[in-house]
Structure formats: C-alpha cells, structure tokens
2 protein chains.
Amino acid sequence: MAADGATQRAACGQRRVEGSSRCRDCEIRSRAFCAAFGDAELTALEAVIETISLNANSEVFFEGDTADYIYNVNAGTVKIFKSLQDGRCQILGFPVEGDLLGYPVGDSHTYSAETLTPVRLCRVSRARLRDLASGFPALESKLLEIMAGELAGSQAQMTVLGRKSAPERVASFLVQLSDKSIANGGTGASLSLSMSRHDVADFIGLTAETVSRVLTQLTRDGLIAIPQPYRVDLIRIEALRDLAAAEASI
Amino acid sequence: MAADGATQRAACGQRRVEGSSRCRDCEIRSRAFCAAFGDAELTALEAVIETISLNANSEVFFEGDTADYIYNVNAGTVKIFKSLQDGRCQILGFPVEGDLLGYPVGDSHTYSAETLTPVRLCRVSRARLRDLASGFPALESKLLEIMAGELAGSQAQMTVLGRKSAPERVASFLVQLSDKSIANGGTGASLSLSMSRHDVADFIGLTAETVSRVLTQLTRDGLIAIPQPYRVDLIRIEALRDLAAAEASI
DNA sequence: GTCTCGCATTGATTTGTGTCAATAGGCCCG
DNA sequence: CGGGCCTATTGACACAAATCAATGCGAGAC
C-alpha cells in the first residue's frame, strides 16, 4: 500500500492544500476523532477542516513547533519520533489512516512527524476546534478515549523497550502490525511494511542489523516468510504471538 | 513482589475505607483532576469520593482487574507496572500525591498498581463520575489535559528505554525526580527515594547492579552524593541535566 | 544482645546486541 | 545498457550491560 502512491508524487508542490473537504463522504470518519460529530454537525466540521497532500519523506511538523493544528491521517503512513543530539532517534509510532497526529492540548508539539509514504491529512486549527468543542462535549469525550488508547499503547511499548529481548521485540512488532491490519479489515497474515529496517529498529530499540538478523532467524525457523523486503508473511502466527507475549496472560 | 505484601496484610487492616472526604479542605485539590470542580460542585464531588488508606507494599489493583474505580493519590508513593510471564517487570511510573491512578476509559486496568510507602487514596466509582461528568464538561477537559500530559511523559520515557545508555538513564531518572520535587515546592537538590534500586532498574530498563554501579560512578565524578541509600543529593545538577538531555535541545 | 533477612555494593565473567565492514540486490537516471 | 546510490543482509569483532557470586550493612524479631 505504500509504494503504489509514489506515482501521485510527480513534480507537484510537496504540500498541496486542497481546501475544505466533504466529511459526509469520508470513509474513515468512523475511525477518526470526527466520529464524535453527528450528521447535523458535519457542516460546521467541514468549514474548519482542510485537506493536505504530502509526498513521501516530507515533514509534517517538528518537535518544538508551535502546535496550531491537529491532524488526522486520511491515507498513507507517518512516523512520529523524538531525536537525540547525536542523531539517535526513538520512533514513537507509525500513525496510519484514522489516527490522530498532534495533541489536543499543550502549546507545542512534543515530537516530530514525517511521512513515510505519500499521505493525505485533514488539518484543523486547534483554536477553531476549541470553539467547536464548546458546543459538542462529545468531541472532548472522543479525544479522551483516543488519548487513553494511545497512552495504553505507549505503556505496552515501554514494556517492549525496557524488558524484551530482540526476538521478542521483533515478534511484538509484527503481531502489532497484524492486529492493526485485522482491525482494518485485513487477514493479518500478510503484511506490507511501509518503513525501512532502520525505522523498525528505531521503533523497537534495536539496530537495523539486529532486526535483519532476527528476521532471517524467524524465517529459518519457519515463523515468517519474506518474499520481498517490504513484505512479511506470518506463517506460524501463534508461535509469533507466544514469542511476543512474554506478557503475563491476565 | 506481590507476595511480600501478603505478610503484612494479615496483621493490620490492609485497606481502610474512611468514608466521604472533605474536598474543600483538600490541599492537593488544585493538582488533581478534582481541580475541574468549582466550589459549587464540591458537595456533589464529596458525595461520590471515598478515602482509603493503605500500608506500604499492598496492591491497589492488578492488570486485568475490572476497572470500577479511578483513584487519586493523596499522599505517599505508588508504583504502576506491567509484568511478563517469567517475572520480568516494567515499571511505568511512580505516581505521587496529585496523580491519577487508573484510566477514565476502558473496561479493565491495563497495569498493576502497588504501594511503595503508606498511601492515602481518593476513590471514585467510574459510573458515578460519568454521571457527574455529564453535567460538568470541565471534568472531561481536565482529564484530557491529564492524559495528554501522561502520554507525553510515556513518550519521553520510551526514548529513555529505547535509546539511552545506562548513565543517561540514571541521570534522566534523577533529573525527572528533581523536577517533580521542584514542581511540588522543593529545592530539587536533595531527593528522598521511596523505591529500591531494583524498582529504579525496573523503571529505566536496567538491573539493580547496573543502577548501583552507575550511582557509584556518578558519586566518584562528584555529580551526586548518597549520604544514605534512599537519599540522593544532586551536587552538579547542570552536569546531570547535560547527561540526561541527550535530547536535541529544541 | 544476637540472629536473620533483605537490600546495596562490588567483583569476575558471560553474553546479547552494537559496531564496523564487505557484499549483494533493486531502482532510478542518464 | 551501465553507473551510482540506497537498503538489506551477512560476517567478524568489540563492548556495555547482564549474570553469577561474595561481602557488608542495617532493621526488625526474639
């Protein structure tokens, strides 16, 4: 799903603001924060939302930037990350369609965001959203639900980063992608990665070489197959889950 | 670690419910989610809040438990953590007075919580809180703000766990404690730890031995002093900040 | 007072993962 | 079609932190 979009990239401006969008036709509305708005409120929402298209490998915002907008990913994959002085990088997540980008509170962005593939975003001014929210308590309720989900996700990832071995980390990553794919209607058995080995490594706290070695080993053990570098088939997914779930099964 | 608490539990009442509390006299109300309530609403709040006292080393709830309540720490220190099957443990944080325990959404707790010191908690039924919230949009707004702050904190910790060296991790931990102490009105130069070396290690993704070695080295280098095992004086705090802030200074 | 137990510290050694380096494959471009 | 570039893979080696082990210290029990 990643590479095909490259055609759109063409020679056009890296960031195209396409103006107001038709939220009532939006296919992912039910998965985004916009789900908080009923049909009646959609007109108000459409008035404050802009749609933006970005090429692959372009920045959305940097850590420390004033946070004037929040975004919703409409299509494509983004990486959000924190950088250290010497170039080390911790990737915090890979938001895809339906995911929120940027927090609804705070003055500035606490992480950087960069596209991995061509991406379509919805952008809303936070000031305007705040005005809207005063009339719709359901919005803050929805945002709260989203933030709580993200917090639980970060805490699971803290466990991966702080306490799991390299094979457990890679398995956790693959299972996570698989689950997300299933949630979006896929089978979860064949994954299309939109990020490099290096990005995977920066997400799970390893190096690209170690990720590569572990993937090779998992292939030898028959848990996965890698027909192309950016495609992973999960052959023995229960075994992968066992490896990933060093977690106590509550 | 859940096991040791079992001994103490027998002797004295492990959990004393002290009944409704007087929120208008509460000294930490401005730091807790209860700050969302104005003086007028305090009576309603007092009606649904219970105060609980716990000994050190007693569990508040376990990961997977049905989340009927959320809690606010009133006094003392708690640890929240996730356990792996083989006993590995990742501590997610050390909530202290003013901090929220448990999420306002979701069916069950996503982590376990255990006291490190004697603790006083406020407990609110989530169902009752939901009823209250329908009348006060400020509550969800406040909860949203709290969750966003916690999310930003987890993401900073992900960077510590995924990308920092042992000395950087220990320095990050000390600076974080110092900042929290300053925020609560202290000088931030002399810290009283309420957790063991082992707990520190489980928080920053090391072993107790490594934490001990790093602390010894920092002492030799004159950055800190350790008059007693549970007390740390930060002598050259700028140097500690430099070490911790491998972060790009935005 | 002495015994015991848990925790912190320190040392010796091992090991998992990082680092450095070389090779190979895919893709775009001229 | 060949050249350059980027990424993935693989190997050899180094090193940071884990593991294993021993000692010491302080608090509570009796």
Side-chain angles (χ1 to χ4, degrees), chain A residues 2-4 6-7 9-11 55-57 84 86-90 116-117 160-170 193-202 204-220 224-232 243 246, chain B residues 1 3-8 10-12 55-57 84 86-90 116-117 160-171 193-220 224-232 243 246:
Chain A
D4 352 312
T7 48
R9 201 180 306 170
N55 294 328
N57 305 311
L84 305 194
D86 56 5
R88 279 175 287 176
C89 165
Q90 177 63 44
L116 290 177
T117 67
V160 171
L161 293 171
R163 283 293 172 238
K164 290 192 186 176
S165 71
E168 288 166 351
R169 290 177 199 220
V170 172
L193 307 186
S194 28
M195 71 293 290
S196 68
R197 298 287 187 272
H198 195 86
D199 283 338
V200 174
D202 279 344
I204 59 181
L206 300 172
T207 59
E209 292 93 329
T210 299
V211 170
S212 188
R213 277 185 252 270
V214 170
L215 287 174
T216 300
Q217 190 57 47
L218 290 177
T219 302
R220 285 208 192 98
I224 62 172
I226 307 190
Q228 310 154 26
Y230 281 78
R231 177 155 289 280
V232 180
L243 189 53
Chain B
M1 39 190 68
D4 0 301
T7 51
Q8 307 189 306
C12 52
N55 295 330
N57 306 310
L84 304 193
D86 56 5
R88 281 175 286 176
C89 165
Q90 177 63 46
L116 291 178
T117 65
V160 170
L161 293 170
R163 284 294 174 235
K164 290 193 188 176
S165 70
E168 288 166 352
R169 291 178 198 219
V170 173
L193 306 187
S194 29
M195 72 293 291
S196 69
R197 298 287 187 269
H198 195 86
D199 283 337
V200 174
D202 278 344
F203 181 53
I204 59 180
L206 300 172
T207 59
E209 292 93 330
T210 299
V211 170
S212 188
R213 276 184 250 272
V214 170
L215 287 174
T216 302
Q217 189 56 47
L218 289 176
T219 303
R220 285 208 192 96
I224 62 173
I226 307 190
Q228 310 153 28
Y230 281 77
R231 176 155 290 280
V232 179
L243 188 54

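So that the names make sense, note that chain A is the first sequence line, chain B the second, and so on, each numbered from 1.
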[X] [atom1] to [N] [atom2]: how many Å, rounded?
X         : N       : atom1 : atom2 : answer
Leu193(B) : dA8(C)  : CG    : P     : 10 Å
Leu215(A) : dT10(D) : CG    : C1'   : 14 Å
Asn57(A)  : dT7(D)  : CG    : C1'   : 13 Å
Met195(B) : dC7(C)  : CE    : P     : 15 Å
Leu116(A) : dT7(D)  : CG    : P     : 12 Å
Gln217(B) : dA8(C)  : CD    : C1'   : 17 Å
Arg163(B) : dG18(C) : CZ    : C1'   : 10 Å
His198(A) : dT9(D)  : NE2   : C1'   : 16 Å

Just so I know, are the side chains of [X] and [Y] near enough to count as touching, which here means a heavy-atom distance under 4.5 Å?
X         : Y         : answer
Arg169(B) : Val214(B) : no
Leu161(A) : Gln90(B)  : no
Leu215(A) : Val200(A) : no
Asp202(A) : Met195(A) : no

So, is [X] close to the [N] phosphate, meaning a side-chain N or O under 4.0 Å from OP1 or OP2?
X         : N       : result
Thr207(B) : dA18(D) : yes
Tyr230(A) : dT7(D)  : no
Thr216(B) : dT10(C) : yes
Thr210(A) : dG18(C) : yes

*Shortest non-hydrogen contact from Glu168(A) to Arg163(A)?*
OE1-O, 4.5 Å
*Which heavy atom of Ala166(A) sits nearest a heavy atom of Thr210(A), and at what distance?*
CB-CG2, 3.9 Å
*Can you find a donor-acceptor pair, distance only, under 3.5 Å between Arg213(B) side chain and dG11(C) base?*
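Present.
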*Side-chain donor or acceptor of Gln228(B) under 3.5 Å from a matching atom on the base of dC25(D)?*
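Flag unset: no donor-acceptor pair detected.
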*asked:* Please pick, from dC7(C), dA8(D), dT19(D), the nucleotide with the shortest atom-to-atom distance to any side-chain atom of Arg197(A).
replied: dA8(D)
*Looking at the side chain of Glu209(A), which of dC20(C), dT9(C), dT17(C) is the nearest nucleotide?*
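Closest nucleotide among those given: dC20(C).
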*Taking five pairs at each end of the helix from dG1(C)-dC30(D) to dG30(C)-dC1(D), what angle separates the two helix axes (nearest 10°)?*
40°
*At under 4.0 Å between heavy atoms, what does Leu206(B) touch on the DNA or RNA strands: base, sugar-phosphate, or nothing?*
sugar-phosphate
*asked:* Could you check whether any side-chain N or O of Thr216(A) sits under 3.5 Å from a backbone N or O of Ser212(A), counting only pairs where one atom can act as donor and the other as acceptor?
replied: yes
